[in-house]
Structures are given as structure tokens and as C-alpha cells.
Amino acid sequence: MKIVIVGGVAGGATAAARVRRLDEQAEIVVFERSGYISYANCGLPYYIGDVITDRSALTLQTPESFFSRFRVNMKVRHEVTAISPGKKSVSVKNLETGETFEESYDKLVLSPGAKPTQPRLPGVGLDRVFTLRTVDDTFRIKEHINARHPKSAVLAGGGFIGLELAENLRELGLEVTIVQRPKQLMNPFDPDMAAFIHSEMRKHGVKLALGRTVEGFVENGSGVDVLLKDEAPLRADMVVLAIGVTPDTVLAKEAGLELGVKGSVVVNDRMETSIPDIYAVGDAVQVKHSVTGQNALISLAGPANRQGRVAADNICGGDSRYPGSQGSSVIKVFDMTAAVTGVNETNAKKAGLDVDKVILSPMSHASYYPGGKLMTMKVVFEKETYRLLGAQIVGYEGVDKRIDVLATAIHTGLKATELKDLDLAYAPPYSSAKDPVNMAGFMVDNIEQGILKQWFLGDLDRLPQDGSVTLLDVRTAAEYGGGHIDGFKNIPVDELRERLDEVERGKPVYVICQSGLRSYIACRVLSGYGYEAYNFAGGFRFYAAVTHDRCLVEAASACGMDQ
């Protein structure tokens, strides 16, 4: 059996290695148009920032090392230019010699990946306007920085690559501005959780131009003017386009394969395309979102590796199935870590799901053990069924651990209420006896039992101002004096029982504290005395962070300034 694989990196290289492990006699040929068959995409920004200093470290395998171990014929700098399904062959061009030839196959695996989205804007091809997707892109940017010593950079796009590159350029001393059409960075996060990411970026000197539309680029002496819609241009020494990726599926389209979302290749759960004996994996394929069941594009290394394995298993006579992707990811944002899995509240609602949520701010480990830091967690679940839909966490230590637990819980179909029952490892330097994941489960369980009733930031403007409800802040007097929401009366929780006569009976009470814990206790006290009490999700800390961010974004948009 002869297997031809188009493209290396995560999906293609994984498929090649897996086929060899399953079939020692198979003939395997991989065509990769770049000079690198397997490289660490996620490490590219860190090479630019001198965190990774050895350029060879970016290359996980060479053609020689791959052949030595797996006897796979890796042909780099070879571009497949056409697929002929009828003849079961591909047309190939050697990019170094210009030679063209035909290569036959019994099974074909397409792993072309995705290419940086390059809008048709004036100036996209300028020397100082870069994209970052491949090792070659990385070396071009690094060589430009070393040779030209730029002082400033504008990054168009606020996703994973944009944020990682912003951090690394700031570490090199450049002034960095991120321009983003949406009014938030990192769209996998809800706007309220993205506010914490914005704060960390600003803290480290990154300027945010959110809600802005780039219309082109113009050379200006030794720099570039970034043209913005209805605003003055931004001037920088270099620009990097990081506005997303587009499936690289020209070959698939010309071969007649069925295409789906944004031109991606449609595959079934065996990674088979619409044409027999042709498989596709990685960033170029359409997948099912495992939470919503909707078609999606999820460009992450983990899914690409697993898809390559599934395709290889099936090529070799097995029956492996890819269950879908849920978008689990984590990113370093300077000193902070931000992570997400499943579907966020915004997209869950767009998918027609009836959702609820809990927001909490637990410590990374036992509060009595030195060095603990707060994290903010948002766990989204379906009303009525309590099906766990997604989670977002921003914080410092322990974020990756908790998101992986929640990702596993979603994958295995746990209800949000069942998080309380997870038996998780505990020692004071690492966690608490009530782990943050357990705490989220306790909160959802309280909601199911009717013990916890919540109100949210979005409800604030709708609260009656006619005295028909009581607004109560149960923090200490000092905390209240340091900042509070207008209209909220201060009664510290530890004084509440003795001061119940100050809380008018017969009116709903909307309660807030710093994190949501003391206000929950206050709600239970009030409920015990016959009051209808609602606890603010997230606490005043959450309220202050989100509203401050919104003010900065809206004010900057109104006056055309960078944030």
C-alpha cells in the first residue's frame, strides 16, 4: 500500500508516523512545500522574543531524522499542485529545481493546514508588513528586527498569535499596539472575561485599539502608516497581520472535494472526504463542535494530531472515530494565564442554548499557604439539564490544571452539578480541600436546589430605582469606602443579623460583596428571615474590572484614542 501525504507539521507528520507504526511494509511519501516537515507553530513568537534562542529547537523533526526512525520519504520544498482522483495521483513541483512529476497513491491524506488571512487591502505586500504562520515567516520577522531595530509595531488581530507576539515584542522593548475590529481580544472568551486579559496587556504597556477597522497600509519613510476607518492612521516601524487563518483548500476545491465552513474540507468522523481513499486532517477541515454539534473550524495543534492518528488507523484497516473538537486552549499573557474549553456564554446563546453560569474568584491554593493568587472562573451550563457547556479561567498559578479538569468533565458528559463530586488532589501548596472546580459544582448544585439565586452585571441597569427593591453591599465599611455602586447601602455581613431592621421587609434584596462569598452568606441569612435575596455573580471585584474595561474601550472609541 502506498500512502501519499500532502503537508507535514501536526496532522500530516502524525499520520505518517502512525501509519508506519501500524504497517511496516507501507510505502509512505510526504510532500511539504516549506523546508520544514515538523515544527512547533506555537513556539514561533517565543523565538522572536528570544525566549527560545536556538532556531533548530523549533524543528521537531528533520527529513533525515524522520526517515531514519520511520523510513518515511519526506520531500520538503515540494508542492503538490493538483490532485487527480480518477487516476489516483497527484502532480508535484520541486520548488528548488522546477521539476514537475506525477506521484500515484493508494490512499491520500491532505494536511495543507491554514494560511494567514490576508485581506485585499492596499499595502499588504509591503516589506514591513509581515504575517506569522511558518518557520520562514518567523525568521523573516526576526531578521528584520535584528537588522532594522524597529522601535514600534502594530499587530492587526488580537487572537492567540497576536497576543503572544505582542508579549514577545514588548519584552524586546518595542512599543506595541494591537488593532482589532471586535471590541475585545481573544474571541473564545466572553467580553467580561476578556476584560481581565485587556487589563494585563495594558499593565505591560500594550496599547489596545479595539473596535477599529484596518483599511490599508502606506509606506511612510522608514515606517508604515496603518490606515483606519474614519480615524487618523497609526504609525509604526513594522506591522504584523494576525487577523486569523483561512483553510488552505485550493487543491481540495479543484479536485472536487466537498467544502464547508469558510471553504474547509468536509470530512466524516473517520476523517474521510467526499471522494473515496482521500482523507483530510488539521486546520483545513471542518469539524463538529462537540458541545453545540454545529459545524466549526477549530485550528489547534491537539485536534490536528488526533485527527492524523484517526486517519492513519482507518487507512490501516482500523475503525477509529474523531468525536469532535471542544476548543480547549491556554495562553500565557505576560504574568497571567488564560484558558478556555467548550463553548462560551456568547456562542452558546447564538447556538440557541438556554444557558446559566456561575462566576467565582477562588485562590490558586490554600489561603493559609503563602503565595496563593486569585483566579476568576466562569462556568457555563444549560438550564434545566445542567449539562456542562464550557468554562473560562483567567489567573496565575493552577489555571491550566483546572481548565483540563473541566475539559475532561465536558468530554465525559458530566453535569455541572457533578463537579462537586470530583475527587481532586489536595495539598496546601497546590490546591484547597475544596478545589475551585468543586466550588463551581457546589454553586451550581445550590442553584439546582433553589438555595442560590443570582443576579448579574447585565441586570444592573434594569434594577428598579424607585425603591421597590433593596440594594445591599455587605463588605466592610473600609471596602465600601474604597469604591461601591451608587445606590447600594452598606451593612457588613457580620453585622447583618443585628441590623435586619434596616432591611425593609417585603422587597427583593440584591446583594453584593467583593467576591460573591460573603454576599452568598448574607443571602442565606436573609432567606432564613423570610427575605427574597439574590447574590451578585462575581462580586464587586468582577464588576469593577469589567466596567472599568468597558469605560476604557468606549471612551477610546469615542475620541479615537488608543487605550
Side-chain angles (χ1 to χ4, degrees), residues 1-20 26-34 36-38 41 72-93 95 102-115 133-134 245-288 295-301 303-316 320 322 325:
M1 180 170 59
K2 182 177 181 181
I3 299 99
V4 170
I5 300 175
V6 181
V9 197
T14 295
R18 178 66 172 173
V19 168
R20 174 57 72 226
E27 180 182 356
I28 309 168
V29 182
V30 178
F31 294 110
E32 168 59 50
R33 65 187 164 202
S34 77
Y36 306 90
I37 59 148
S38 182
N41 296 69
V72 170
N73 192 359
M74 288 282 187
K75 293 183 175 291
V76 297
R77 303 294 295 161
H78 281 68
E79 181 175 11
V80 173
T81 58
I83 302 169
S84 301
K87 295 192 300 180
K88 298 190 76 169
S89 68
V90 295
S91 301
V92 186
K93 181 178 182 179
L95 298 178
E102 296 286 314
E103 189 83 25
S104 64
Y105 66 82
D106 295 311
K107 304 287 185 180
L108 178 65
V109 180
L110 301 180
S111 180
K115 55 190 176 184
R133 181 65 176 175
T134 67
V245 294
T246 302
D248 192 355
T249 54
V250 173
L251 278 176
K253 181 179 181 180
E254 293 177 348
L257 274 67
E258 181 184 353
L259 302 182
V261 176
K262 294 184 179 179
S264 57
V265 180
V266 173
V267 293
N268 61 19
D269 60 358
R270 288 169 51 87
M271 308 313 297
E272 296 168 326
T273 70
S274 59
I275 294 180
D277 296 323
I278 300 181
Y279 297 75
V281 301
D283 294 354
V285 305
Q286 173 181 290
V287 297
K288 291 287 185 184
N295 294 328
L297 281 175
I298 298 179
S299 300
L300 294 168
N305 276 278
R306 293 192 295 276
Q307 290 161 14
R309 180 186 176 92
V310 169
D313 285 352
N314 294 321
I315 286 170
C316 295
S320 289
Y322 185 70
S325 301

Any residue meeting side-chain contact (heavy atoms from CB on, under 4.5 Å) with [X], in chain and number order, not counting sequence neighbours:
X    : answer
S89  : S84, K87, E102
R20  : E24, A26, I28, F70, R71
P112 : L110, D248, A284

Donor-acceptor contacts under 3.5 Å from residues 3-14 side chains, at least two apart:
{"unit_1": "T14", "atom_1": "OG1", "unit_2": "A10", "atom_2": "O", "d": "2.7"}
{"unit_1": "T14", "atom_1": "OG1", "unit_2": "N305", "atom_2": "OD1", "d": "2.6"}

Worksheet item: Of the non-hydrogen atoms in V19 and A312, which two are nearest, and what is the gap between them?
Response: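 Between these two residues, the closest heavy atoms are CG2-CB, 3.5 Å.
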
Qualifying residues under side-chain hydrogen bond (donor to acceptor under 3.5 Å, both in side chains), relative to [X], sequence neighbours excluded:
X    : answer
S320 : D313
K288 : N295
S299 : none
D269 : R321

Discussion item. Using 0.5 Å steps for rounding, measure from the CD1 atom of I315 to the CZ atom of R18.
Written reply: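 Reported to 0.5 Å precision, the distance equals 12.0 Å.
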
Fill in: Separation between CZ of R33 and CZ of R77, rounded to the nearest 0.5 Å
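Separation between the atoms: 10.5 Å.
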
Worksheet item: Under 3.5 Å, is there a donor-acceptor pair between the side chain of E79 and the main chain of T81?
Response: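 Checked: no pair found.
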
Discussion item. For the backbone of A280 and the side chain of T273, can you confirm whether one donor and one acceptor N or O come within less than 3.5 Å of each other?
Written reply: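 Checking the backbone N and O of A280 against the side chain of T273, no donor-acceptor pair under 3.5 Å is found.
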
Discussion item. Suppose we screen for salt bridge (charged side-chain N to carboxylate O under 4.0 Å, His left out). Which residues come up paired with R309, at least two apart in sequence or across chains?
Written reply: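 R309 satisfies salt bridge (charged side-chain N to carboxylate O under 4.0 Å, His left out) with no other residue.
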
Practice prompt. Check salt bridge (charged side-chain N to carboxylate O under 4.0 Å, His left out) between E103 and all other residues, then give those that pass, not counting sequence neighbours.
Written response: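 By the salt bridge (charged side-chain N to carboxylate O under 4.0 Å, His left out) rule, E103 matches K2.
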
Does some side-chain heavy atom of [Y] sit less than 4.5 Å from a side-chain heavy atom of [X]?
X    : Y    : result
V287 : S325 : yes
Q307 : V267 : no
Y105 : I278 : yes
V285 : M271 : yes

Exercise answer: donor-acceptor pairs, residues 251-265 side-chain atoms, under 3.5 Å, sequence neighbours excluded:
{"unit_1": "S264", "atom_1": "OG", "unit_2": "V261", "atom_2": "N", "d": "3.4"}
{"unit_1": "S264", "atom_1": "OG", "unit_2": "V261", "atom_2": "O", "d": "2.7"}

Discussion item. By the salt bridge (Lys or Arg N to Asp or Glu O under 4.0 Å) test, which pairs, at least two apart or in different chains, include something from residues 272-283?
Written reply: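 Counting only pairs at least two positions apart or across chains, the salt bridge (Lys or Arg N to Asp or Glu O under 4.0 Å) contacts touching residues 272-283 are K88-D277, K107-D277, R133-D283, R270-E272.
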
